[in-house]
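Read through the structure below, which is laid out as structure tokens, and then see the notes.
Just so it is clear: chains get the letters A, B, ... in the order the sequence lines come, proteins before strands, and each one is counted from 1.
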Amino acid sequence: MVESDGIICFFPNQTGPHPLKETDMKRNRINALLSSEQPLPSVLIKGWVRTRRDAKTFSFIELNDGSCLANIQVIADDQLDNYDSVKKLSTGSSVCVRGTMHDSPGKGQKWEIHATEVIIINMAPDDYPLQKKRHTDEFLRTISHLRPRTNKYGAAFRIRSRLSYAIHQYFQERGFTYIHTPIITGSDCEGAGELFQVTALDLDNPPRKDEKPGKNQKIDYEADFFARQAYLTVSGQLEAEMFALALSDIYTFGPTFRAENSNTSRHAAEFWMVEPEMAFCDLAEDMDYAQDFIKFLVTDIMENCAQDLDLFARFVDKNLTTTLENITSKEFIRLPYTEAIPLLKNCGKKFAYEVFFGADLQTEHERFLAEEHFKQPVIIYDYPKTIKPFYMRVNDDDKTVAAMDVIVPRIGEIIGGSQREERLDVLESRMDVCGVSKKELWWYLDSRRYGSVPHSGFGLGFERLVMLVTGITNIRDVIPFPRTPGAIEF
RNA sequence: UCCCCAGUAGCUCAGUUGGCAGAGCAAUUGGCUGUUAACCAAUGGGUCCGCGGUUCAAGUCCGUGCUGGGGAGCCA
């Protein structure tokens, strides 16, 4: 049997009676039809016309409903009452087709639909921007509302959806609890970049602390919605830790916001992040999880999105299959920072940024390690404490912290994580050194005061994962409506 | 934010030393055809990104702004 569902249709641009009758609301998905084992005497499909070719007494209509990459070929002949209109069907038009499914005598497809009825839901005018040819990503970005109707973007967003599902599957199967950490936060000391401020104040005329007018008149945030300054979250980690220290293994998966003026193909102001946090877990186990997690996700997409993935392997990145198999088949290299430094120093390659202990690794260094030296994912760990945030656990050498970054070819850093500092006294002195307010994070310190345990976690940039899996090189093309500096159309 | 490159028809692009604005695809019309980014013919289509300057003359040279891309920083 072919699956069908009860999608409710409505036609906001239609003023007359609905062209579809009440009984028409069950439709067959094109992916279900195309994978059918036998011909079907009665099918109902609804979708958008990708292209139309006319023969002498009939038209070939390529129909796509987004359920899969492939179109289904509809044969609409001149016996149809409205054949004159059908012959004018343009790319982008929406139709409802009733008919029978048969073996296709032509090359290129197994099945085709012989239409007994073609209802034109909406005829797309000839200025429909998507043509039957390849468009550049830059152009498609200017029509982000229409680009999911292309093969490439349809495939990308089906993969993005499946990856989201696989993330939940991975953690749920392992007994992790999904935690919704807040989007709005009161702490500006999370230590990860510039924050977007959230306010309900009238910015044209904000309340002032001092009645006397003057240049140094401070805004009175006690009059704001939360009675203090508030921001969009840059990470759910600190809150996630509180739940790991109660439910043992937890994860978050949600949007994150950075007001950094970053103009690169790997940064967005609004992006999604996965942050697992595990109690009774040290850095080595944290790295085990990070590696296992990425391998699981890549394997899942190779198994469950083969058709969509094939598009990317053929047209977007010729090396994609090799890259992905490299990830699933090998153990990730684990390289302590202290060994990475001499390796980079003595590799014979000239870098723009000098390499020395205490220096953060630059993009050029990470790319060299993952793309040229090891040619596979690398986990670098035990970084100098001077370049890492306050919450990372100080190692016995008192010079490094138990931090780790997973570097993959082409993307660079895809995961950043650490074992967290569970010792109250060490944490407090680190906060002093890093200039983080102990008063504001009293609740965070409480977790180290009452039943503190070793725990670890990491953050995975979800869009970077989609880029890794698809071979897409610009983050703006793996998120439906990208937000970047100066760009918030749609 | 910094460095580099680009902006010409709906889309992708060409445009020589400064001298009449071009092609392919798309669109429209007609023809042909179990077609596969179908094919053939004809037709229509331009604020050469904006502003200012040099020049007899600017798509072309200069300045400036805007937009986009690549790289860097920051990071996921």
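- The main-chain N or O of D282(A) is found under 3.5 Å from a side-chain atom of E285(A) such that the two form a donor-acceptor pair.
- In this structure, rA37(B) makes no Watson-Crick or G-U wobble pair, since no nucleotide meets both defining distances under 3.5 angstrom.
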> How would nucleotides 4-11 of chain B be written as a contact map, 5' to 3', with B for base contact, S for sugar-phosphate-only contact and - for no contact, using protein heavy atoms under 4.0 Å?
Replying inline: ------BB
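- Both T51(A) and I475(A) lie near RNA chain B, and the one whose nearest nucleotide falls closer to the 5' end is T51(A).
- For rC39(B) and rC3(B), the C1' atoms lie 49 Å apart once the distance is rounded to whole Å.
- For the pair D137(A) CG and rU12(B) P, the interatomic distance rounds to 11 Å; values are reported in whole Å.
- In this structure, L465(A) reaches neither bases nor backbone, as no heavy-atom distance under 4.0 Å exists between it and the strands shown.
- Taking atom CD1 of I61(A) as the reference point, atom P of rU35(B) lies 17 Å away to the nearest angstrom.
- Straight-line distance between the P atoms of rU54(B) and rA14(B): roughly 30 Å, to the nearest whole Å.
- With ring centers used as reference points, Y444(A) lies 6.0 Å or more from Y391(A).
- In this structure, I75(A) atom CD1 and rU33(B) atom C1' are separated by 13 Å, rounded to whole Å.
- Comparing the P positions of rC49(B) and rG10(B) gives an interatomic distance of 13 Å, to the nearest angstrom.
- With C1' as the reference atom, rA38(B) and rA26(B) are 15 Å apart, rounded to whole Å.
- Atoms CG (N71(A)) and P (rA37(B)) sit 11 Å apart, rounded to a whole Å.
- Residues E275(A) and F458(A) fail the side-chain proximity criterion, which asks for heavy atoms closer than 4.5 Å.
- F271(A) qualifies as a stacking partner of the rA76(B) base, centre to centre under 5.5 Å and near-parallel within 30°.
- As judged by a 4.0 angstrom heavy-atom cut-off over every strand, E270(A) is placed among residues making no nucleic acid contact.
- Among the protein residues, F462(A) comes within range of no part of the nucleic acid, since none of its heavy atoms lies under 4.0 Å from any strand.
- Here rU28(B) presents its P atom at 12 Å from CG of D54(A), a figure rounded to the nearest Å.
- Y170(A) has its ring centre no less than 6.0 Å from the ring centre of H168(A).
- In terms of phosphate contacts, R53(A) brings no side-chain nitrogen or oxygen within less than 4.0 Å of OP1 or OP2 of rU35(B).
- A gap of 32 Å separates the P atoms of rG46(B) and rG63(B), to the nearest Å.
- Of all nucleotides listed (rA76(B), rU33(B), rA38(B)), rU33(B) comes nearest to the side chain of K56(A).
- Take Y381(A) and apply the side chain to side chain donor-acceptor pair (under 3.5 Å) test, not counting sequence neighbours, and it matches no residue.
- Per the geometry, NZ belonging to K107(A) stands 13 Å off P belonging to rA37(B), to the nearest Å.
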>> Working note: H365(A) + Y353(A), criterion ring-ring contact (aromatic ring centres under 6.0 Å, His included); need CA distance, chi angles, decisive distance, verdict.
In response: CA-CA 9 Å; H365(A) 306 134; Y353(A) 287 82; 7.1 Å; no
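- Note on Q109(A): a base of the nucleic acid sits closer than 4.0 angstrom, heavy atoms only.
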> How would nucleotides 65-74 of chain B be written as a contact map, 5' to 3', with B for base contact, S for sugar-phosphate-only contact and - for no contact, using protein heavy atoms under 4.0 Å?
Replying inline: ---SSSBBBB
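- Residues Y289(A) and P276(A) form no side-chain contact, since every pair of their non-hydrogen atoms from C-beta on lies 4.5 Å or further apart.
- No engagement by A352(A) is indicated, since no non-hydrogen atom pair under 4.0 Å with the nucleic acid exists.
- Only one option out of I113(A), V97(A), N71(A) pairs with L63(A) in a side-chain contact (heavy atoms from CB on, under 4.5 Å); it is V97(A).
- Base pairing of rA21(B): no nucleotide in any strand meets the Watson-Crick or G-U wobble criterion (both distances under 3.5 Å).
- Aromatic ring pairs are classed by plane angle as parallel below 30°, tilted from 30° to 60° and perpendicular above 60°; the pair F171(A) and F176(A) is tilted.
- One atom, CG of D126(A), and another, P of rU28(B), lie 5 Å apart when rounded to the nearest Å.
- Under the 4.5 Å side-chain criterion, counting only non-hydrogen atoms from C-beta, R174(A) is in contact with D292(A).
- If you take CZ of F253(A) and C1' of rA76(B), they are 13 Å apart, rounded to a whole angstrom.
- Listed for the R50(A) side chain is a donor-acceptor partner under 3.5 Å among the backbone atoms of R149(A).
- Using a 4.5 Å cut-off on side-chain heavy atoms (C-beta onward), I72(A) and E112(A) make no contact.
- In this structure, G106(A) reaches the bases: a heavy-atom distance under 4.0 Å links it to at least one base atom across the strands shown.
- Across all strands shown, rU67(B) forms a Watson-Crick or G-U wobble pair with rA6(B), both key distances being under 3.5 Å.
- Taking atom P on both rG22(B) and rG44(B), the two are 13 Å apart, rounded to the nearest angstrom.
- Between F60(A) and K88(A), the residue anchored closer to the 5' end of RNA chain B is K88(A), taking for each the nucleotide with the nearest heavy atom.
- With both ends at atom C1', the span from rU29(B) to rU36(B) equals 24 Å, rounded to whole Å.
- Atom name C1', nucleotides rG69(B) and rU12(B): the rounded distance is 15 Å, in whole Å.
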